[in-house]
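Chain letters run A, B, ... following the sequence lines, proteins first, then strands; residues in each count from 1.
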Amino acid sequence: MARIIYREARSRTFLWVFMALMAALVVTGLSSAWYMEHHGHIVTGMNNGIVWGLPHVFAIFLIVAASGILNMASLASVFGKTTYKPKARLSGLMSIALLVGGLSVLVLDLGRPDRLTVAMTSYNFKSIFAWNIFLYTGFIVIVGAYLIVQMTRSWMKWTGAVGTFAFVWRLILTTGTGSIFGWLVAREAFNAAMLAPLFIAMSLSLGLAIFITTRLLLDYGCGDRSLGTELIERLAKLLGIFIATTLYFQLLMHLTNLYSAARGGVERFLLVEGGIYPLLFWGGFVILGSLIPMALVFLPAFNRNRMMVGLASVLVIAGGLASIYVIVIGGQAFPLNIFPGMEVSSSFGDGQIQHYVPSLPELLLGIGGWALAALITLVGVKILPILPVEDNVTLNAAAAAG
Amino acid sequence: MSCTDNKTCTCTPAGSLPADGEASPGIEAGRRAFIKAGGAFATIALTPTVTLMAFGGGKANAAQESLDPKARWGLLIDVAKCGTGCSECVSACQKENGWQDTGHPETDAQWIRKVTVKNPKSGAVAELPVMCQHCDEPPCADVCPTGASFKRADGIVLVDKHLCIGCRYCMMACPYKARSFIHETLIDQKPYAPRGKGTVESCTMCVHRVDRGEIPACVESCNSTGGGAMMFGNLNDPQSDIAKRVAELTSTQLRPDLGVDPGVHYTYL
Amino acid sequence: MKQWIRQVLATALLAVALGAMAGISWPGMASAGEESTQVAAVPAPAIPEAKPGTECVRDPEFMRRNHMDMLKHKRDLTVHEGNRLPEFSLNECIACHAVKGDDGKNVTIADSRHFCRSCHDYAAVEVDCFQCHASRPEAGDTALQSSPHGMNVLALSEFLKGVQE
């Protein structure tokens with residue numbers, strides 16, 4: 001098999017401008033966090049009913065996608081698809097970058113981010129949240145090792161083993177993220193084991209969509225490393241399968257809930273009567289984020305066109321954001337059922353739909369997390385030999401060998 | 001002093017030994033004071049570590065060194081007696097613990113609230129106070145990553161604000177919407193009820209009063225100026241008023257199906 | 001291949017160095033400040049006296065060095081085990097060392113004459129106790145506790161053992 005040569009990205013104006021833009025967004029995000037910290041969460045749209053808001057939507061999106069992006073590397077080292085080997089390094093780097101970005105948002109949204117040391121030293125092992133702290137930090141370490149092994153000639157023989165370990169770890173990690181919601185017995189919209197596999201499916205589609213978008217942008221920014229048409233088509237079809245899987249788990253979860261009379265109310269709220277939430281679910285997630293991209297990636301008229309596949313990826317990202325918004329915020333907006341079968345009212349919003357209007361600082365903090373992920377990726381490809389010099393050579397070689 | 005009247009019963013002044021302490025075993029505050037006055041042996045028996053309380057200190061209202069790990073403090077709320085429009089318990093809690101209505105119900109802390117419940121089929125309406133239910137298996141404590149949410153050995157569920165990082169996962173997990181997040185900087189808190197921006201809080205069952213052998217502020221005011229609907233006591237002590245009432249009346253807990261076994265019981269709901 | 005390792009190492013070292021400069025307080029830093037009283041141009045703090053006729057739970061020298069550990073241990077005992085003994089209770093310190101302001105009321109932590117601030121400002125050690133805790137006794141509350149603070153040697157050693165754990 002032909003040897004793949006990796007090299008640091010060349011300095012192009014595009015790359016520098018993009019980096020500067022991302023750095024500026026990171027600063028905006030940090031300023032927003034400071035502002036929220038200084039005044040308290042009163043300056044956000046969050047309240048005692050909707051306790052997790054836009055920052056969590058962005059953070060969960062990043063964390064879920066982070067584990068999904070690693071799939072590119074896993075395809076090569078775990079499943080032996082050598083076609084994807086040139087993508088492995090970028091996929092590892094990006095998965096770390098996205099996780100760091102997501103965790104930063106999560107931490108900066110805490111009521112007391114200054115007590116991060118408490119979170120790191122005082123654990124309640126019954127809490128899935130506490131487990132996740134280990135899963136996340138462990139992921140960064142393992143994927144870091146995975147990258148180092150790939151980049152060090154004498155250690156390369158370990159790539160398969162470390163890659164497999166990383167793959168298993170990422171499955172557990174996404175299960176953990178899904179279980180943050182899945183294990184909440186009190187909330188009717190959550191409390192479903194289905195959330196864990198759903199999050200894994202989402203991670204696959206979101207991760208691949210982000211990977212494709214990034215590769216296309218890098219190709220544009222760095223010039224000579226174009227993705228071949230054949231590879232584009234393969235990635236596009238893979239994305240289509242992942243989208244369909246996500247859709248399947250969503251469908252199954254909602255059908256299960258609809259079948260239970262007790263959960264009819266919350267389903268009616270999320271799917272029909274809840275205003276913004278059904279709109280985001282059907283319009284954002286189902287139509288824009290799933291059906292249209294599936295058409296784009298499966299129809300031969302589009303799936304060899306990089307613009308169309310790029311568009312499909314962007315739509316999947318937007319749809320994913322919409323569906324996480326519905327899960328996280330829609331799930332909290334539906335009132336707790338403290339008195340089943342009764343009509344309740346109080347000064348504390350009992351029995352009422354909980355209101356939430358995201359504020360600008362929350363949005364900027366969330367975007368700041370994305371920007372941080374992008375910035376880490378860009379700096380990474382600039383200083384480390386991440387990007388292959390020529391993808392098509394290896395693809396052709398692999399095809400010839402296979 | 002007799003125990004037939006709920007009001008007299010739960011309002012025994014803190015720390016003072018009732019004259020007929022033996023004859024009215026249900027008087028919770030008096031009983032606890034009695035144990036304390038019983039002297040150092042009781043104190044030692046209840047605490048594994050060497051006591052800091054001087055021998056012979058024995059004052060009935062001496063500050064306690066340790067909670068009673070055998071107790072399970074709870075509340076019994078008689079919904080039939082809870083008055084329409086009455087919010088004595090809420091005001092008393094606000095006064096005691098220093099939280100208030102600032103006109104922003106969505107972000108203001110509410111440790112206790114009056115909930116109006118209407119049966120849509122029969123039209124029957126009831127009012128009742130809802131606060132932290134002090135579960136035996138508190139979901140908030142299960143999910144808390146740092147262990148800040150915890151249950152004391154005597155069943156009172158608290159937030160250790162020294163450990164709370166403000167992640168709000170407990171608020172996601174609580175089935176009763178009992179917790180509030182502090183959204184703004186606070187000043188001049190009550191010395192015995194520390195509260196601060198960026199942390200989560202909820203009803204403490206007036207733990208500072210319970211530790212001095214007193215009853216929670218809401219119960220006290222409900223029984224003096226309200227409808228006399230609330231009772232506080234040790235559910236683990238079969239001789240206590242509350243345990244007897246729970247044993248003889250059909251009471252319910254909120255969302256009993258969840259199996260979290262709240263320490264707050266309701267009758268006539 | 002070796003090039004990138006160097007780059008990573010250099011970046012990591014730089015990050016660690018920056019982090020160390022920015023956030024970590026070095027051991028001995030605070031005490032160095034305390035000992036240079038004579039040298040510094042900053043005037044020594046006027047530490048508010050306790051209520052007349054009272055005696056601190058330990059001698060001032062002990063409290064100056066150890067109050068933080070005592071308070072921390074006491075806070076855990078209080079929150080988790082219901083220990084309401086007055087010894088080493090923050091409320092007791094606050095009440096006993098309360099300072100009257102110009103308006104005749106006790107000052108809060110917002111006033112630089114406050115007991116805790118008088119010294120902490122000087123030592124440049126920030127505490128966040130008062131984000132949650134009341135920094136002055138409640139109006140009219142003069143008798144928080146005035147029990148005799150005679151903790152015996154055995155009791156104190158037990159307490160200190162707890163502090164170390």
Response to the item:
Rounded to the nearest 0.5 Å, the CD atom of A:Glu37 sits from the NZ atom of B:Lys197 at a distance of 6.0 Å
Response to the item:
Closest heavy-atom pair, A:Val185 versus B:Leu258, reported as atoms and distance to 0.1 Å, is O-CD2, 4.1 Å
Discussion item. Quick check against the 3.5 Å criterion: does B:Arg113 have a side-chain atom that pairs as donor or acceptor with the backbone of A:Phe348?
Written reply: no
Worksheet item: Which answer fits B:Asp108, side chain, backbone, both or neither, if we ask what part of it has an atom under 4.5 Å from a heavy atom of chain A?
Response: backbone
Worksheet entry | Residues in residues 186-196 of chain A near chain B [non-hydrogen atoms, under 4.5 Å] | A:Ala186, A:Arg187, A:Phe190
Worksheet item: Which bit of B:Val90 comes within less than 4.5 Å of chain A, counting heavy atoms only: side chain, backbone, both or neither?
Response: neither
Worksheet, complete the sentence: Bottom line for B:His162: the part with an atom under 4.5 Å from chain A's heavy atoms is backbone
Fill in: Region of B:Leu128 in contact with chain A, defined by heavy-atom distances below 4.5 Å
side chain
Worksheet item: Backbone N or O of A:Ser347 within a donor-acceptor pair of the B:Lys114 side chain at under 3.5 Å?
Response: no
Worksheet item: What is the ring orientation for A:His41 with B:Phe181, classed by angle as parallel under 30°, tilted 30 to 60°, or perpendicular over 60°?
Response: perpendicular
Fill in: Under 4.5 Å from a heavy atom of chain B, the part of A:Leu336 involved
side chain
Worksheet item: Can you tell me if A:Ser122 uses its side chain to pair, donor with acceptor, with the backbone of B:Thr146 under 3.5 Å?
Response: yes
Item to complete: Measure across A:Val51 and B:Met171 and return the closest heavy-atom pair with its distance rounded to 0.1 Å.
Response: CG1-CE, 3.5 Å
Discussion item. Does any backbone or side-chain atom of B:Lys177 lie under 4.5 Å from a heavy atom of chain A? Answer side chain, backbone, both or neither.
Written reply: both
Item to complete: Give, as side chain, backbone, both or neither, the part of B:Ala141 having an atom under 4.5 angstrom from any heavy atom of chain A.
Response: backbone
Fill in: Pairs of heavy atoms under 4.5 Å with chain A: top-ranked of B:Arg255, B:Met172, B:Glu106
B:Met172
Worksheet item: So which part of B:Leu269 gets closer than 4.5 Å to some heavy atom of chain A, the side chain, the backbone, both or neither?
Response: side chain
Response to the item:
In short, B:Thr199 meets A:Arg112 closest at the heavy-atom pair CG2-CG, 4.0 Å
Worksheet item: Which bit of B:Ala109 comes within less than 4.5 Å of chain A, counting heavy atoms only: side chain, backbone, both or neither?
Response: backbone
